[in-house]
K.L.:
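Shown below is the structure under consideration.
Only a predicted model underlies this, so the values are computations on that prediction, with no experimental measurement involved. In the text below, chain A, chain B and the rest are named by the order of the sequence lines, each starting its count at 1.
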Number of protein chains: 2
Amino acid sequence: MTSRSQGPTGKRATILDVAAAAGVSRQTVTRAMNDMAGISQDTRERVRRLATELGYTPSRFAKGLVQGARISVGLAIPDLTNPYFPAFASSVVEAATNRGWNVVVDDYGHGTGSALDAAERLAPHVDALIGYLGRESEMAQEMMGRRPVVSLDHPAGRSAGTISFDYHHAARLALNHLVSLGCRNIAYLDSDQGRPSAGRGAAAAAVAEGLGVQLRRCEASTSAAGAKAVVATLLAAQEEIDGLLAFNDLMAAGALKALQEAGRAVPGDCPVIGMDGIPLGELLTPELTTLSLDLRAVGRAAVDLLDGLLSGSLEAGSEEARLVLLHTLVRRQSA
Amino acid sequence: MTSRSQGPTGKRATILDVAAAAGVSRQTVTRAMNDMAGISQDTRERVRRLATELGYTPSRFAKGLVQGARISVGLAIPDLTNPYFPAFASSVVEAATNRGWNVVVDDYGHGTGSALDAAERLAPHVDALIGYLGRESEMAQEMMGRRPVVSLDHPAGRSAGTISFDYHHAARLALNHLVSLGCRNIAYLDSDQGRPSAGRGAAAAAVAEGLGVQLRRCEASTSAAGAKAVVATLLAAQEEIDGLLAFNDLMAAGALKALQEAGRAVPGDCPVIGMDGIPLGELLTPELTTLSLDLRAVGRAAVDLLDGLLSGSLEAGSEEARLVLLHTLVRRQSA
DNA sequence: TACATGGACGTGAACGTTCACGTATCGGCC
DNA sequence: GGCCGATACGTGAACGTTCACGTCCATGTA
């Protein structure tokens with residue numbers, strides 16, 4: 001309102017406009033804007049004033065072109081609405097910021113989009129990619145060309161780096177514990193899309209078989225509400241369930257609700273174990289026993305990996321670029 | 001490993017390298033890479049193959065410089081660890097993606113950083129800024145120059161756009177309800193940093209005075225654990241509290257825990273009301289009554305506002321660019 | 001034969017910076 | 001008077017694309 005000199009209409013002001021207005025050359029404007037030597041205090045201030053007056057903002061493209069800009073990494077996430085992912089994203093952003101990197105976030109879950117859409121959107125704008133890409137990590141790596149992709153929870157993928165989890169180890173921890181509590185008819189509440197973590201259910205089944213335990217697998221949408229509904233019908237069908245392991249903590253929370261509403265005591269009648277250890281678990285009643293992951297460590301690891309790949313100290317696709325992390329059993333009240 | 005032609009060391013391949021390798025001109029490479037007309041199928045494929053072989057990735061800077069690139073907006077967030085912010089961020093990302101915009105996320109909370117640090121990091125890389133910036137929104141707008149800043153929860157700020165909340169309205173809803181439940185000694189559990197929402201406590205106090213109700217204000221760190229600790233000591237001190245309103249849902253969750261551990265029934269002995277309506281509330285026991293905000297609507301509104309400002313249909317700093325949203329009382333079990 | 005048509009390609013210019021120089025002016029010193 | 005060193009500025013080139021032209025050649029057409 002005050003000065004509409006260069007409103008949203010009309011071309012944006014360039015360094016030359018400022019130079020002309022100040023009656024100096026490009027280079028002097030550069031010197032003024034970037035606090036360089038070789039310019040008088042007077043000129044510096046005058047140029048600065050003129051610059052803000054004209055609404056001049058240096059073009060990040062021109063700057064990037066000539067200087068080679070800071071690294072910017074894409075973060076492809078299935079669903080920021082599931083508390084697991086913000087916890088992870090938060091640590092990625094922190095680690096990246098510490099290195100002076102930018103993070104461009106894409107959430108491909110809210111539509112019915114695929115990870116590939118996210119990769120496609122991000123690819124032209126980033127120097128590297130981190131994400132839960134599932135089987136689409138291959139194509140994503142292809143789209144990124146030489147630029148490294150760190151893909152989580154998809155060990156089979158051919159991305160430059162990989163972070164995955166030992167689900168057999170996790171399942172052993174959980175099932176051993178449930179068995180030690182006396183559970184014999186254990187339900188495994190799986191995610192129906194099985195998008196990234198298809199391995200979880202298979203591992204649980206394998207371990208259960210090894211232990212000689214009955215494992216009833218059922219599927220629900222990856223949300224508390226979905227899990228609640230499925231467990232409710234399971235209980236209504238008089239299924240003999242005396243222990244429950246869930247695909248993730250959110251689904252465990254839904255299961256807890258269903259058990260509670262059905263009048264089943266937890267852990268008394270049916271111990272419940274969640275997975276991944278999101279902060280939410282501690283707030284539930286009863287507090288959720290879970291296969292915990294140090295989520296901040298996961299984010300840090302992803303960025304570390306990327307750093308190695310970008311700097312060349314780690315070779316893309318090599319053994320050292322494939323990390324496997326372990327879950328820990330955190331005992332709280334629910335089991 | 002297969003072909004290290006242009007590893008991380010050595011300069012990156014440019015369009016000219018590809019052109020030379022293919023024995024064609026720049027323009028032909030452009031035509032091949034961008035699916036343009038005026039090129040034979042043979043050449044297109046050959047160039048493409050050579051390009052991936054050389055690890056050629058078009059420079060986003062050069063491209064942006066000549067074409068004027070997609071809009072990218074910065075999102076400055078205090079703490080992705082607090083479930084409120086991912087819920088908000090998620091809707092911003094969705095709305096932005098729908099418009100073909102990029103979102104660069106910065107979480108300034110994990111260090112002891114200020115919003116200004118985030119703005120400083122983002123400013124060189126984005127065309128606009130959305131964020132919970134508190135009083136630093138002024139300086140942030142200054143750093144951004146003509147580029148619009150939409151600042152949340154800081155109505156006094158001089159940013160181009162503003163989204164704020166009517167806390168008097170919210171406090172009336174909550175306190176009226178508590179009073180109608182028979183509460184007379186109500187505690188207001190405030191955030192100690194009061195970073196963005198300093199207005200919440202003041203509004204609650206004012207409304208309480210209007211209603212002639214005793215309002216005991218106490219402060220805790222903005223987390224479930226912090227809230228739990230403070231409420232626990234409050235109860236241990238034998239304070240006569242028969243109702244509680246919390247700064248946000250996360251703190252309400254902590255309060256719930258403390259009440260439960262002190263053997264106080266909720267809502268029987270002490271109804272509890274949270275604020276903002278994050279999804280977490282439904283998973284608690286008892287389910288949390290809250291002053292709910294349509295979080296997805298907040299994000300959409302922010303992006304809409306930005307769109308108006310960028311397109312020029314909305315004037316920076318004008319009345320139309322200052323939105324005020326209302327909380328709604330969602331009754332669940334806790335009050 | 002002359003000339004238009006169109007497909008497949010090439011070339012100068014432009015985008016907005018910064019870098020590495022070059023130049024003018026002034027004061028001081030021998 | 002001549003030279004030196006600062007200080008304060010200006011200028012060509014480069015960064016890697018795309019755009020708007022131009023060129024060349026084969027094919028058809030009158």
K.L.:
Return each pair, listed once, that meets salt bridge (Lys or Arg N to Asp or Glu O under 4.0 Å) where at least one residue sits in residues 25-44 of chain B; pairs must be two or more places apart or across chains.
P.N.:
B:Asp35-B:Arg44, B:Asp35-B:Arg48
K.L.:
Please list, chain by chain and in numerical order, all residues satisfying salt bridge (charged side-chain N to carboxylate O under 4.0 Å, His left out) with B:Arg49, sequence neighbours excluded.
P.N.:
none
K.L.:
Who pairs with B:Arg158 by salt bridge (charged side-chain N to carboxylate O under 4.0 Å, His left out), at least two apart in sequence or on another chain?
P.N.:
B:Glu138
K.L.:
Would you give a per-nucleotide map of nucleotides 17-23 of chain D, 5' to 3', where B means the base has a protein non-hydrogen atom under 4.0 Å away, S means only the sugar-phosphate does, and - means neither?
P.N.:
BBBB---
K.L.:
Grab the N/O contacts between the protein and nucleotides 24-28 of chain C below 3.5 Å, and write none if there aren't any.
P.N.:
none

K.L.:
Taking only residues at least two apart or on different chains, which pairs with a member in residues 56-68 of chain B satisfy salt bridge (Lys or Arg N to Asp or Glu O under 4.0 Å)?
P.N.:
A:Asp127-B:Arg60
K.L.:
What pairs with A:Phe61 under ring pair (Phe, Tyr, Trp, His ring centres under 6.0 Å), at least two apart in sequence or on another chain?
P.N.:
none
K.L.:
Give me, pair by pair, the N or O atoms of the protein and of nucleotides 4-7 of chain D that are less than 3.5 Å apart, along with how far apart they are.
P.N.:
none

K.L.:
Which residue pairs pass the salt bridge (Lys or Arg N to Asp or Glu O under 4.0 Å) test when at least one of the two sits in residues 64-77 of chain B, sequence neighbours left out?
P.N.:
none
K.L.:
A:Arg300: which residues meet the salt bridge (charged side-chain N to carboxylate O under 4.0 Å, His left out) condition with it, sequence neighbours left out?
P.N.:
none
K.L.:
Sequence neighbours left out, what passes side-chain hydrogen bond (donor to acceptor under 3.5 Å, both in side chains) with A:Asp106? Give chain and number order.
P.N.:
A:Arg121
K.L.:
Mind checking what makes salt bridge (charged side-chain N to carboxylate O under 4.0 Å, His left out) contact with A:Asp307, not counting sequence neighbours?
P.N.:
A:Arg99
